[in-house]
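Ligands are counted one by one from 1 in listed order, and the atoms in each one are counted from 1 as well. Predicted, not measured: the structure shown is a model, and the values here were computed from it.
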Amino acid sequence: MKIAILSRNPSLYSTRRLVEAAKEAGHEVRVIDILRCYMNINSDDPGIHYKGENLAGFDAVIPRIGASVTFYGTAVLRQFEMMGVYPLNESVAISRSRDKLRSMQLLSRKKVGMPITGFASKPTDIPDLLDMVGGAPVVLKLLEGTQGIGVVLAETRKAAESVLEAFMGLKANIMVQEFIKEADGADIRCLVIGDKVVAAMKRQGKEGEFRSNLHRGGTASLIRITPKERATAVLAARTMGLNVAGVDLLRSERGPLVMEVNSSPGLEGVEKATGKNVAGSIITFIEKNVNAKVNRARTRGKG
Ligand code: ADP
Ligand code: MG
């Protein structure tokens, strides 16, 4: 197979591991900087040019699209899809997973467990919004934040009101979520490939921090997950239409709650914490599915 990895930086751990795994399996692989792709959009022969070269002949494409380049990155990926190249994750699934509110709505439709979440536009609706999610403490999240930035714990009602008012004043989209205290600053990252959780790790926030993000100083360790957690993670990925996803769960008194479904999960933390060859499993998944050209996200229709 000839595989393209869409990544801005070939030296990133995840990119390097995918290149390695593809080569080990005997494939030809090339790292392509998404921002250097430009597109010829026409109805006869849609194409992609890359630094002056006409890109052709790829069987599969692995998108590793950073949050800051979602718009351009998904456009380039769509162009690969139009050229008949098999995408590990589809552009439409990536776009929907990048919007936290849209993701929560899709998951709620499939009855996936999640923290109670509210969203409003006007400051006058804040009191009722806070009641709706069960009152303070609450977690406030900017819709397009990532790596823990833009996630705030408001311990009192007063704090929640003033933060919400401030963000609404700035026209930022912010959602309010029930705070799952019993998670105790930890969450579980499940690496889903197809219909399996191939690796899972527990991430624990540093002392005094409710956010477990590794970028915020959290630490990762191996964990055994329950069948219910496994099933929840797989259902969440499938609902988003993602073949490969990092599904983040909180352990709550009422069972696993999905917080987030990540379409370009980092491989470093999870491979190091679990000792699993996740990159290898991704390449194996592509080998099995490249010819199927089944398109889950698209066949499933709207959303
Ligand atoms: P980001 O996309 O920035 O990673 P998340 O929604 O994953 O945002 O939140 C960051 C971290 O904050 C989570 O990994 C988790 O540890 C903590 N967290 C988020 N939401 C809640 C919640 N409702 N209750 C308890 N902790 C939460
Ligand atoms: Mg997160």
Side-chain angles (χ1 to χ4, degrees), residues 14 65-68 70 94-108 112-119 129-130 132-156 159-160 163-164 167 172-192 200-221 223 225 229 232-233 236-237 240 242 245-270 273:
S14 303
I65 296 171
S68 60
T70 301
I94 294 172
S95 305
R96 61 164 89 94
S97 75
R98 286 288 154 87
D99 177 338
K100 286 184 196 241
L101 184 65
R102 184 179 181 188
S103 306
M104 296 315 269
Q105 289 176 315
L106 290 167
L107 295 172
S108 98
V112 177
M114 64 180 67
I116 303 171
T117 303
F119 187 63
L129 185 71
L130 289 172
M132 244 169 55
V133 302
V138 290
V139 177
L140 308 173
K141 294 186 187 183
L142 284 170
L143 282 205
E144 276 162 24
T146 177
Q147 305 184 343
I149 299 163
V151 179
V152 180
L153 174 60
E155 311 215 33
T156 66
V163 174
L164 280 169
F167 278 113
N173 288 318
I174 185 161
M175 67 188 198
V176 184
Q177 210 165 59
E178 162 195 21
F179 175 52
I180 307 301
K181 188 165 182 294
E182 63 270 27
D184 206 16
D187 72 352
I188 299 171
R189 160 62 61 99
C190 300
L191 217 304
V192 179
M201 65 171 166
K202 177 180 175 176
R203 297 180 302 193
Q204 178 75 55
K206 62 177 185 219
E207 186 72 29
E209 172 63 71
F210 82 103
R211 296 168 301 178
S212 60
N213 301 67
L214 302 183
H215 286 98
R216 304 266 72 73
T219 48
S221 58
I223 192 177
I225 58 170
E229 287 165 346
T232 301
M240 303 304 299
L242 293 167
V247 179
D248 295 342
L249 302 176
L250 290 170
R251 275 189 172 163
S252 81
E253 281 158 3
R254 57 176 198 276
L257 304 179
V258 174
M259 217 172 15
E260 180 169 47
V261 184
N262 202 306
S263 57
S264 288
L267 302 185
E268 183 165 16
V270 76

Problem set entry | Side-chain donor/acceptor of Ser14 to backbone N/O of Gly266, under 3.5 Å | no
Exercise. Would you say Glu260 has an N, O or S atom lying under 2.8 Å from the Mg ion (ligand 2)?
Worked result: yes
Problem set entry | ligand 1 atoms in contact with Lys100 (distance to a heavy atom under 4.0 Å) | 1 (P), 2 (O), 3 (O), 5 (P), 6 (O), 8 (O)
Exercise. Just how far is it from atom CD1 of Ile180 to atom CG of Leu257, taken to the nearest 0.5 Å?
Worked result: 5.0 Å
Seminar exercise, completed: Under 4.0 Å between heavy atoms, the region of Arg211 that gets near ligand 1 turns out to be both
For this session: State the atoms of ligand 1, each with its element, that fall below the 4.0 Å cut-off from a heavy-atom position in Gln177.
Result: 20 (N), 23 (N)
Problem set entry | Minimum non-hydrogen distance to atom 11 (C) of ligand 1, winning option of Leu249, Leu140, Asn213, Val151 | Asn213
Problem set entry | Location of contacts on Val139 toward ligand 1, heavy atoms closer than 4.0 Å | side chain
For this session: Please could you name the atoms of ligand 1 that Asp187 approaches to less than 4.0 Å, counting only its heavy atoms?
Result: 14 (O)
Problem set entry | Heavy-atom side-chain proximity of Val176 to Leu164 below 4.5 angstrom | yes
Exercise. Testing Arg216, Arg251, Arg203 for salt bridge (charged side-chain N to carboxylate O under 4.0 Å, His left out) with Asp187, which one passes?
Worked result: Arg203
For this session: Using modelled atom types only, decide if a donor and an acceptor are shared between the side chain of Ser212 and the backbone of Gly218 within a distance under 3.5 Å.
Result: no
Seminar exercise, completed: The atoms of ligand 1 lying under 4.0 Å from a heavy atom of Phe179, numbered in the order shown, are 24 (N), 25 (C)
Exercise. Between the main-chain N or O of Met240 and the side-chain N or O of Arg96, is there a donor-acceptor pair closer than 3.5 Å?
Worked result: yes
Exercise. Who gets closest to atom 6 (O) of ligand 1 by heavy atom: Met259, Glu260, Lys141?
Worked result: Lys141
Exercise. Taking Gln204 for the side chain and Asp184 for the main chain, is one N or O donor matched with an acceptor at less than 3.5 Å?
Worked result: yes
For this session: Show which atoms of ligand 1 fall inside a sub-4.0 Å distance from at least one heavy-atom site of Leu250.
Result: 21 (C), 22 (C), 24 (N), 25 (C)
For this session: Examine ligand 1 and decide if any of its atoms is less than 4.0 Å from a heavy atom belonging to Lys181.
Result: no
